[in-house]
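Per chain, numbering begins at 1; letters A, B, ... match sequence-line order. Side chains included, hydrogens not; waters and symmetry mates left out as well; all remaining heavy atoms used.
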Amino acid sequence: MTDDSRQDDSQQPQQSAGLIEDTSAPFYTIGQVAELLGMQPAALRRLDEQEIVSPERSEGGQRRYSQDEVQRLREVLELTEEGVTLPGVRKVLELRQQVDELKEEVAELKGQ
DNA sequence: TTTCTCACA
DNA sequence: TGTGAGCA
């Protein structure tokens, strides 16, 4: 080992009192997410281009990923690792949302 | 230093 | 999909 100078990342979202669960509030940089998911920053940009994830943009035009996006990214990775193409992943996510909405409708109808 | 976009293999 | 150039 040459140097063990570890840099402490103070950019990580912390749950101070454990009351605030801002899954869409804490933002990660593309580098953080890439390391977190073990993928290349370029891959994250492709996902953004394909509108599979839509990270916010900071003033400098830099992508900011929330914990929600990271979670979505995990699901996306699962699919791509199974051989699903990006357009396919997009469709899956779209269908998932529809299923979710339909479930709500069903629940409502049952309650009547 | 990190991230950005664009471009090429 | 991965990598590099040039910029902010």
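Remark: C1' of B/dC4 and CD of A/Gln40 are 16 Å apart, rounded to the nearest angstrom. The interatomic distance linking A/Leu44 (CG) with B/dT2 (C1') rounds to 14 Å, in whole Å. Atom C1' of nucleotide C/dT1 and atom CD of A/Gln50 are separated by 12 Å, given to the nearest angstrom. Computed from coordinates, the A/Glu35 CD to B/dT2 C1' distance equals 13 Å when rounded to whole Å. Regarding A/Asp48, its CG atom lies at a distance of 9 Å from the P atom of B/dC4, rounded to whole Å. The distance from atom CD of A/Glu59 to atom C1' of B/dC4 is 16 Å, rounded to the nearest whole Å.
The OG atom of A/Ser54 sits 11.0 Å away from atom CZ of A/Arg63, with the distance rounded to the nearest 0.5 Å.
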Working for side-chain hydrogen bond (donor to acceptor under 3.5 Å, both in side chains), residues A/Arg64 and A/Gln62
CA-CA 6 Å; A/Arg64 289 286 128 101; A/Gln62 300 185 334; 3.1 Å; yes
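When side chains are defined from C-beta on, A/Tyr65 does not count as touching A/Gln32, because their heavy atoms never get closer than 4.5 Å.
When both pairing distances are held under 3.5 Å, C/dA8 makes a Watson-Crick or G-U pair with B/dT2.
Within 3.5 Å, a donor on the side chain of A/Arg46 pairs with an acceptor on the base of C/dG2, or the reverse.
Out of C/dG2, B/dT5, B/dT2, the shortest distance to the side chain of A/Gln62 is found at B/dT2. Residue A/Leu86 has its side chain nearest to C/dT1 when only C/dT1, C/dT3, B/dC4 are considered. With C/dT1, B/dC4, C/dG2 as the choices, the nucleotide that has an atom nearest any side-chain atom of A/Ile30 turns out to be B/dC4.
Of the listed residues (A/Val33, A/Leu44, A/Leu47), just one forms a side chain to side chain contact (heavy atoms under 4.5 Å, CB included) with A/Val53, and that residue is A/Leu47.
Between A/Arg45 and B/dC4, a side-chain N or O to OP1/OP2 separation shorter than 4.0 Å is present. Taking 4.0 angstrom as the limit, A/Arg64 places none of its side-chain polar atoms (N or O) nearer than this to OP1 or OP2 of B/dT2.
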